[in-house]
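These numbers come from the heavy atoms of this one structure, side chains and all, not from hydrogens, waters or symmetry mates. Labels below follow one simple rule: chain letters A, B, ... track the order of the sequence lines, proteins then strands, and each chain is numbered from 1. Keep in mind that what you see is a predicted model, and the values were worked out from it rather than measured.
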2 protein chains.
Amino acid sequence: MSGFYRGRRVLVTGGLGFVGSNLALRLVEQGADVLLVDSMLPEYGASLANVAPVADRLRIDTSDVRDRKSLSALVLDQELIFSLAGQISHSESMRDPFTDLDINCTSQLSLLECCRAGNRDAKIVFASTRQLFGRPQYLPVDEQHPLNPVDVNGINKLAAEMYYLLYDRVFGIKSVSLRLTNTYGPRLDLASDVKGFVGIFLRRALRGERIQIYGTGEQKRDFNYVDDVVDALLLAGESDAVNGEVFNLGHPQPATLIEFVETLGRFADFEIEIVPFPEEAKAIDIGDYYADFSKFTRATGWSPKIDLATGIERTLDYFRALGEPV
Amino acid sequence: MSGFYRGRRVLVTGGLGFVGSNLALRLVEQGADVLLVDSMLPEYGASLANVAPVADRLRIDTSDVRDRKSLSALVLDQELIFSLAGQISHSESMRDPFTDLDINCTSQLSLLECCRAGNRDAKIVFASTRQLFGRPQYLPVDEQHPLNPVDVNGINKLAAEMYYLLYDRVFGIKSVSLRLTNTYGPRLDLASDVKGFVGIFLRRALRGERIQIYGTGEQKRDFNYVDDVVDALLLAGESDAVNGEVFNLGHPQPATLIEFVETLGRFADFEIEIVPFPEEAKAIDIGDYYADFSKFTRATGWSPKIDLATGIERTLDYFRALGEPV
């Protein structure tokens, strides 16, 4: 690593959540001056335990990103801001669209306005999502693919991403957006039933419970191990060449849901059941998805280092070593 | 006309504004049961005078569309809803992005949620904007053109449009979105300096004041006379074939800003001055724009009936006949 983060003042919103806490651990390791913001909303997966090993080497603020007044103070003097706080459940965004809007869209505009008012020199890395593409019209999906989100979550994340690019262009607030795909690994929130199948499958595998797959199980996804995503975020924060741009993340070996579950089955014992798609889930399903991430590779040299089997084994090892029921 | 609107319960948000009041007059003429919602915000161009000729044949409610509680009562039992309330100034959206977000995005989600909760049978026609395309990558701009808004206004309108399409698809709330381009005609707000050049040019022409054109004046636009836009809205409300779709409006004879001003000059006396683009305006300028509106023509038979000279002459006649200073 380059030493870029040594001594840097870095703010991470959503810093106690899955990706945020993994990023925080690495930032501390690299010597950054880290401030995490996380309101620890129930059901959002944040946990102080996620950063327990480095708790005395970073600061934590429990403000909510929806509180503009807090945010305006928190951004002051930060050099890097990783904007990871988000409502990530697709189904919840359809049940309670206003909360999704407040967190995923309005709060992102707030962050930008706070920087515009008080810290125009900050560089912001925004965690976007493949969800804003909707159902792929072709594969792999590159950054030119039409944007056609199939749920409220995708629409709000798209608006937020566009704010970041706009403020970079018009107000010179350096921003970059990475479109994350299915991310898994240590500190993933396994308790939730509404944040996608990966956490549910991992929990059931660890418990030895039956895993239900919707549809045929042939839907393809590109699974990123969280360490690879943290690498991508760090590179995006460090590079000037990426400012004002969006980039897909992805994995060179997409896998079907069946393959994901079969890989899980190499390291855990459970039964598999294929069941019809529930209507509500089907309405916002996107079919096959995997990304062309070559634009980000060209810009930063990034590519995933962890294959699915290695990642799954490490993830299961992590949760088993916790010695707690999941 | 088909008689479709006779006796129909129709709600028009922004009903005292420019397009809304022109639509209201026509709906009354066609025998609809019309309820206008308009909070008459200063600077937004709403005026009771706009509907004075039919004031005893429609109802007016001065709720703000940002008031979800009011909205939830207003949508009940409506058969058609024309969602026209909006913040339309591009420059204001950059100065005060939260107000633009509240009105153009959050309130549109509110309207949909109110219908989802209380009136799933309503059909909604949303007035969108060409602004969500940003700077054209090719001309004429069709509905497949990439979406790359260059200001906060375009981002928020895009999110709103996507909500409408989503709720049509997932919740069966029939919605259609028309992307309006530069619209002019009687009842346009001539007082504002922040709602685009058309109103400013018309005001200055009527006053005999010098008209300043930014840049070269060679920027192309497709100008729609408001009666043609009202035709489009009425057809969109009536047609089932358009539900869940977006359509561009436009004009078969685009004109440059110079041509627009020269046409004005056939009916009014004023001087012209070409001045450099102010920095703030340049940052969000979109260059040439004109639309391919053939998708909407195929779906509804619509095409503009009024050419630029006829439209400008009628507009100037309207304002002169008012006998008031503009």
Side-chain angles (χ1 to χ4, degrees), chain A residues 68 90-91 93-102 104-114 116-117 131-135 137 143-172 246 279-285, chain B residues 68 90-91 93-102 104-114 116-117 131-135 137 143-172 246 279-285:
Chain A
R68 208 173 298 166
H90 304 156
S91 56
S93 80
M94 302 302 287
R95 198 184 60 74
D96 176 8
F98 293 115
T99 298
D100 193 277
L101 174 64
D102 286 344
N104 288 335
C105 183
T106 309
S107 297
Q108 307 307 317
L109 184 59
S110 286
L111 179 61
L112 283 162
E113 281 289 301
C114 290
R116 182 182 173 193
Q131 196 64 11
L132 42 78
F133 290 119
R135 292 183 72 88
Q137 295 176 16
E143 289 83 357
Q144 272 67 55
H145 186 285
L147 303 167
N148 190 21
V150 296
D151 56 28
V152 166
N153 179 262
I155 296 172
N156 292 335
K157 293 289 284 190
L158 173 57
E161 179 178 287
M162 287 179 160
Y163 293 145
Y164 282 106
L165 303 188
L166 178 67
Y167 275 60
D168 180 282
R169 195 165 58 237
V170 176
F171 299 122
V246 297
E279 278 306 314
E280 275 190 19
K282 195 182 179 74
I284 60 172
D285 180 57
Chain B
R68 207 174 298 166
H90 305 155
S91 57
S93 81
M94 301 302 288
R95 198 185 59 76
D96 176 8
F98 294 115
T99 298
D100 193 277
L101 175 64
D102 287 344
N104 287 337
C105 182
T106 310
S107 298
Q108 307 307 318
L109 185 59
S110 286
L111 178 62
L112 283 162
E113 281 289 301
C114 290
R116 181 181 174 194
Q131 197 62 12
L132 42 77
F133 290 118
R135 292 182 71 89
Q137 295 177 16
E143 290 83 357
Q144 273 67 55
H145 186 285
L147 303 167
N148 190 22
V150 295
D151 56 28
V152 167
N153 178 263
I155 296 172
N156 292 335
K157 293 289 285 190
L158 173 58
E161 179 178 286
M162 287 180 159
Y163 293 146
Y164 282 106
L165 303 188
L166 179 67
Y167 274 60
D168 181 282
R169 195 166 58 238
V170 176
F171 299 122
V246 297
E279 277 307 314
E280 277 191 15
K282 195 183 178 73
I284 61 173
D285 180 57

message: Need one label for A:Pro146: side chain, backbone, both or neither, based on atoms under 4.5 Å from any heavy atom in chain B.
response: neither
- line: dist B:Ile155:CD1 -> A:Tyr164:OH (nearest 0.5 Å) comes out at 11.5 Å
task: May I ask you to name which of B:Thr106, B:Val170, B:Leu109 has the most heavy-atom pairs under 4.5 Å with chain A?
output: B:Leu109
- prompt: At a heavy-atom separation under 4.5 Å, does B:Leu166 approach chain A through its side chain, its backbone, both, or neither?
  reply: side chain
statement: One should read off an interatomic distance between B:Met162 CE and A:Leu132 CG, to the nearest 0.5 angstrom, of 8.5 Å
- prompt: Tell me, side chain or backbone of B:Glu113 under 4.5 Å from chain A's heavy atoms, or both, or neither?
  reply: side chain
task: Taking the side chain as every heavy atom from C-beta outward, state whether B:Tyr163 and A:Pro149 have any atom pair closer than 4.5 Å.
output: no
query: Measuring from A:Leu158:CG to B:Leu158:CG, what's the distance to the nearest 0.5 Å?
result: 5.5 Å
- prompt: Which answer fits A:Leu101, side chain, backbone, both or neither, if we ask what part of it has an atom under 4.5 Å from a heavy atom of chain B?
  reply: side chain
